[in-house]
Amino acid sequence: MAILVDDATRVVVQGLTGREGTFHGLRNRAYGTTVVAGVTPGKSGRDVEGIPVFDTVAEAVAETGANTSLIFVPPRFATEAVYEAADSELRLIVCITEGIPVRDMAQVAAYLRGRPSTLVGPNCPGVISPGRSNVGIIPGEICMAGPVGLVSRSGTLTYQIVHELTQRGVGQSTCVGMGGDPVHGIGFIGSLERFENDPETGLVVLIGEIGGDDEERAAAFIAERMRKPVVGYIAGFTAPPGKRMGHAGAIVTGSSGTAQAKAEALEAAGVKVGRTPTEVAELVEGAMA
Amino acid sequence: MAILVDDATRVVVQGLTGREGTFHGLRNRAYGTTVVAGVTPGKSGRDVEGIPVFDTVAEAVAETGANTSLIFVPPRFATEAVYEAADSELRLIVCITEGIPVRDMAQVAAYLRGRPSTLVGPNCPGVISPGRSNVGIIPGEICMAGPVGLVSRSGTLTYQIVHELTQRGVGQSTCVGMGGDPVHGIGFIGSLERFENDPETGLVVLIGEIGGDDEERAAAFIAERMRKPVVGYIAGFTAPPGKRMGHAGAIVTGSSGTAQAKAEALEAAGVKVGRTPTEVAELVEGAMA
Amino acid sequence: MDLYEHQGKELFAKHDIPLVEGSVAESAEQARGIAERLGGKVAVKVQVQIGGRGKGGGIALVGSPQEAEDAAARMLSEGFQGTKVTRVLVERLVDISEQFYAAISLDRSAGAYLAIVSSEGGMDIEQVARERPEALRRVHIDPLLGLHAYQVRYAVGHLSSEAREGAAAVLAKMHEVLATNDATLVEINPLALLTDGRVVALDSKVTIDDNALWRHPELEGLRATFPIDPVEARARDAGLQYVKLDGEVGIIGNGAGLVMATLDVVELAGAKPANFLDVGGGASAEVMAVSLEVILSDPSVRSVLVNIFGGITRCDVVAQGILEALERVVPTVQIVVRLDGTNAPEGRAILAEANHPRIVPAETMLEAAQRAAELARAA
Amino acid sequence: MDLYEHQGKELFAKHDIPLVEGSVAESAEQARGIAERLGGKVAVKVQVQIGGRGKGGGIALVGSPQEAEDAAARMLSEGFQGTKVTRVLVERLVDISEQFYAAISLDRSAGAYLAIVSSEGGMDIEQVARERPEALRRVHIDPLLGLHAYQVRYAVGHLSSEAREGAAAVLAKMHEVLATNDATLVEINPLALLTDGRVVALDSKVTIDDNALWRHPELEGLRATFPIDPVEARARDAGLQYVKLDGEVGIIGNGAGLVMATLDVVELAGAKPANFLDVGGGASAEVMAVSLEVILSDPSVRSVLVNIFGGITRCDVVAQGILEALERVVPTVQIVVRLDGTNAPEGRAILAEANHPRIVPAETMLEAAQRAAELARAA
């Protein structure tokens, strides 16, 4: 099972012929992901180490049965790529691209409402179900298969925590890097809901950070709907208020949105919150024992 | 029960202070409909024979608990009225207005996707659940309560058939005038689905006409999903073919759009199709016996 | 509102859709002059709103100004398939390499516009769609976002590589025409790849949404140039939908569905409609009076059927309108009147009191149709 | 990118949002001249990106050009709450009848813009929201359709009737400012009803989406006018996110989340960060070298912690960058380096081979933080 990506995942890489697209497309394939096609306008008929390239997603889907898109397209064209993938009704769209204007993403979000595709990202590391399929840039070698579902707003922080889990012999069902942009696709709640319904997931790790209220809303969802245990981590307890932290998702807005408030909301929902990545791994290990 | 409108329906009339809005708003109230508010920008604080008028739907809903809108607003402003009603998440929006540009309605249809409101119309006579609630311009006095659900693309033709049913003593659960505009809200399928699930409806009458492929798609739905009997009528067997219908329309639907083709599609789905309104009433009477 | 080929092409020109050089002529002499200016080898095309011009002799490919003049003279005098022809389009002959089809039209069931591009054009496109569906590509256009570049790329992706870029540009501009003018159909058949490499629109079909004409006064004006039957003109000036048919019963009703049902029931009763007129919702006495005058002005009418089911329309008002009309015209045929719905008893009482010799009241729609059919046969 | 009050007001002026007459001064003499032109009674306002100017002495209401000059001189020399002031805005004093609040900002959880209008303004709006929520009306704006007239009507429907029309016009134009300039925040506090009946923006807060600045080169240029710390300027020129803090451990990491977690772990280890710098994804050796130079140029740094988890970023490249930096600057503090993820063994081997006396390798993030904290305390 796992969530979002699994053995049935067939990936088309939008922007496959670009530098990052080629690097990560081949890396995902080397991991074992079924990468069936690439899309680059004007380059149909070529291939990237055997992966055929098409002009449009529609043609790629018709020829290869792709059901998942992985987007490495510059920010000015990335939302067009998302619309294109959505119009082909791909079940999953993973948009790695960083730097997409908020207005463009807000329009995408409005467009996706009520459509069958799930978007992950943008500005995210992607999704991996260890041992099965890796769609994105999460280093596959730090992961191992197991019962922990993980969802995170942050990229490298996710790697850190996954790494610490794996070092302790605790494997993961699926790791979801939802990305830190203010307007994004799947969030904590969508991921938690899928983990709750996934028989292979026994426990969920939620990695949040300061800014916004995603963690507070996730806490409410956990209190109402989750039966599986959740371990949390919030980055930014000591971050200076109001200073930009590298992406817009990490601006502290007034009193709510602080790491303290988020940790308290999660704890009130029964989530054990670790203060360091190491403590998170220890809490998970303890809960699984 | 009935569908769409019932004893819980609380109507706000958008455009209540206009000529038609006042006439039909009061007529609906006289029928027994719970008409709780009107909306006309700049006229808040007034009332129409005791019905309070507000500047916005949001205020009307906050003050009166309206859950259904009835729109009598000129075509240039009617889609704005639909957006406004949808933003207040009214459960039902009945738009009587005729003459709304197709492009405007196509945008409304895109906006309503995935939102909780059901739209009836535009360019429609509205919805009546006889003896309970009348939201629109269907003459209440020709209807009577009973087990027949009716859905129609046509206005006066609906009255004709309802009249013939009532004259035979066959009452109706709900009559849905879906309107004849190319882009519209609820259609045959949405209505049929609701009638199928409505314990008070025992039989459904479907009134179609030439053009488009709504009836063909309804036939497919009936064959697959309906267990209740359906009686059909198609107007336009002898109507002259369009002087110059572009070919694109026929390619789009893959259907000739003729009355003959529609009647055959319905009959193939087990629907008895009457050739005159009188025959429809006779078929219904026979099926109910 | 359907535009004529040359009107559609004028819109195309505004949006830079490549066309073949040409002009409209209203006389054979004008056609000759245009042909001379274009070098002699031209196509002369009747301007009518009927398909099948190619097969039906509505398009003449000629080699000299004299031949162009002769062709135009024939078309303007003879008309086309029974329709009067007041204008011909004279265009330079071009060398065609390939023919395609491109259209953007409303997809009613999707509530959105649909672009269709066929790699085979210049022929009956419905036949292509039936027999070689793989020749057609379709993309839905979101009404809020418009036509995306990837959609255009996909839609023309099955055309020959020489044509793709040109066809993509045309398709994008067709959407501009559609969106800018509130069109519900923009169709080009054939869209041609010429031997010089250009992709041009050889025909045009454009339908403008009547409900949106207030946004486009410049298009509304085009309607004035349409040749129209004087009876239809009178109805239209009164805001009424009038259609001429070839039977003997004149029909007035309120609402398109009820009118269509009335036609059907009259035919089942063994007669044929001569015409029909929809008075729409909330008809006034004046509207009823004009309607009856319009219907009676058709000499093929042997009997009239007025079938009104009152909703917004009040039957007493309808009855008054009928009586008013009878003061203005002296009918030579019987008028069967069936009134039901809002204020029907009052309406019937008004007619009963007037006791006009030409008015035949009927109780039901079926009875009214049978009566009108009998009277038409007897007349 | 946050705009200064006067820059936001220049945008407002382009969109016809009513303002009070005024100009920016960069010297006390200029301020005097503007005050003379405006008739003497003016407000002098520091131009800083910090709230609370009113209470904190950042706004002076004066009665003569001389007083304006004095106030400007004080502000320009003293700064405001520790921030340098290079410009003041001098505006005509107006008679205020009522004060409101209006803003359009991104609602992250809805993925859409949200307009907020408060019938109470000119004060801390978060307090109003907490204590008198009924003073605020909110409407979500669809990103494809924009702000509807009915939404504006609703949003200002609770203001006094004299103010509604003017406030509605301002709100509609605020949305124009937002949409035209890719702003994520447009805020006016207070929006004032003057005694002469006009509704004017007395302040402005505008934030432009950095990711959209390529669409707005004219706004990108504004950044050049911002006073900025030279160290921050160097980092920014290299495309790096650098933030100055008040502790003693310099921190470099990759990715905002990991950097924040590193700050937290350093504090738990008993030290305070002096600054931090996010090298982002896929950092090159050159980027690492510049980063280390920037961090080391801060004299309050007592130790440095480099915490890299390689994903796109390759740890061997990071290690090379660290060594390059150490050829260009001679550090006086120890640098704790923790490398994990992509090519971490190679990176660690490069550092081990270099065996630089200032480099202290660490195995884990926790160990690295503890080591850096110890070193900072010991230094």
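Each chain gets a letter, A, B and so on, in the order the sequences are listed, and its residues count up from 1.
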**Request:** Before giving the answer on salt bridge (charged side-chain N to carboxylate O under 4.0 Å, His left out), spell out for A:Asp104 and D:Arg215 the whole-Å C-alpha distance, their side-chain angles and the decisive distance to 0.1 Å.
**Result:** CA-CA 12 Å; A:Asp104 300 359; D:Arg215 286 201 277 244; 2.9 Å; yes
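Among all heavy-atom pairs drawn from D:Met365 and A:Pro277, the shortest one is CE-CG, 4.0 Å. Minimum interatomic distance between A:Tyr233 and D:Ala261 (heavy atoms only, all atoms of both residues): OH-CB, 3.2 Å. Of all heavy-atom pairs spanning D:Tyr113 and A:Val102, the tightest one is OH-CG1, 3.8 Å. Scanning all heavy atoms of the two residues, the minimum distance from A:Pro101 to D:Trp214 falls at CG-NE1, 4.1 Å. Considering every non-hydrogen atom in both D:Gly257 and A:Glu209, the closest pair reads CA-OE1, 3.8 Å. Across all their heavy atoms, A:Arg275 and D:Leu268 have their closest contact at O-CD1, 3.8 Å.
Once rounded to the nearest 0.5 Å, the distance linking CG of D:Asp340 with CD of A:Glu164 reads 9.0 Å. Atom CG in D:Leu263 sits 13.0 Å away from atom CZ in A:Phe237 (nearest 0.5 Å). With values rounded to the nearest 0.5 angstrom, D:Thr262 atom OG1 is found 8.5 Å from A:Leu157 atom CG. The distance from the CD1 atom of A:Ile142 to the CZ atom of D:Phe309 is 4.0 Å, given to the nearest 0.5 Å. A:Thr276 contributes atom OG1, which lies 5.5 Å from atom CG of D:Leu366 (distance to the nearest 0.5 angstrom).
Comparing D:Ile308, D:Leu213, D:Val265, D:Asp182 by how many heavy-atom pairs each has under 4.5 Å with chain A, the most go to D:Asp182. Ranked by heavy-atom pairs shorter than 4.5 Å toward chain D, the options A:Gly155, A:Ala106, A:Ala259 are led by A:Ala106. Note on D:Leu106, D:Asp142, D:Thr184: by heavy-atom pairs under 4.5 Å with chain A, the leading option is D:Leu106. No other option in A:Arg217, A:His184, A:Gln160 has as many heavy-atom pairs under 4.5 Å with chain D as A:Gln160. Ranked by non-hydrogen atom pairs under 4.5 Å with chain D, the options A:Gly99, A:Pro125, A:Gly208, A:Pro139 are led by A:Gly99. Between chain D and the residues A:Asp214, A:Ile161, A:Ile100, A:Ile207, the most heavy-atom pairs under 4.5 angstrom are made by A:Ile100. For the set A:Thr238, A:Thr278, A:Val183, the entry with the most heavy-atom pairs within less than 4.5 Å of chain D is A:Thr238.
Taking the side chain as every heavy atom from C-beta outward, A:Arg103 and D:Leu178 never approach each other to under 4.5 Å.
With a 4.5 angstrom heavy-atom cutoff, A:Ile138 does not touch chain D via any of its atoms. If you measure heavy-atom distances from A:Gln167 to chain D, you find no contacts under 4.5 Å at all. Interface remark: D:Ser109 contributes backbone and side-chain atoms alike to the contact with chain A (heavy atom separation under 4.5 Å). Heavy atoms of D:Asp209 lying under 4.5 Å from chain A belong exclusively to its side chain. Heavy atoms of D:Ala110 lying under 4.5 Å from chain A are absent altogether.
For A:Arg29, the CZ atom sits in a packed shell: over 12 heavy atoms of surrounding residues, nucleotides or ligands are nearer than 6.0 Å. Counted within 6.0 Å of CZ on D:Arg314, heavy atoms from surrounding residues, nucleotides or ligands total 12 or fewer; the atom is thus considered open.
In this structure a side-chain-to-backbone donor-acceptor pair under 3.5 Å is present from A:Thr156 to D:Asn254. A distance-only check finds a donor-acceptor pair linking the side chain of A:Gln107 to the backbone of D:Pro143 [under 3.5 Å].
Between A:Asp181 and D:Arg108, none of the side-chain N atoms (NZ, or NE/NH1/NH2) sits under 4.0 Å from a carboxylate O, so this pair counts as no salt bridge.
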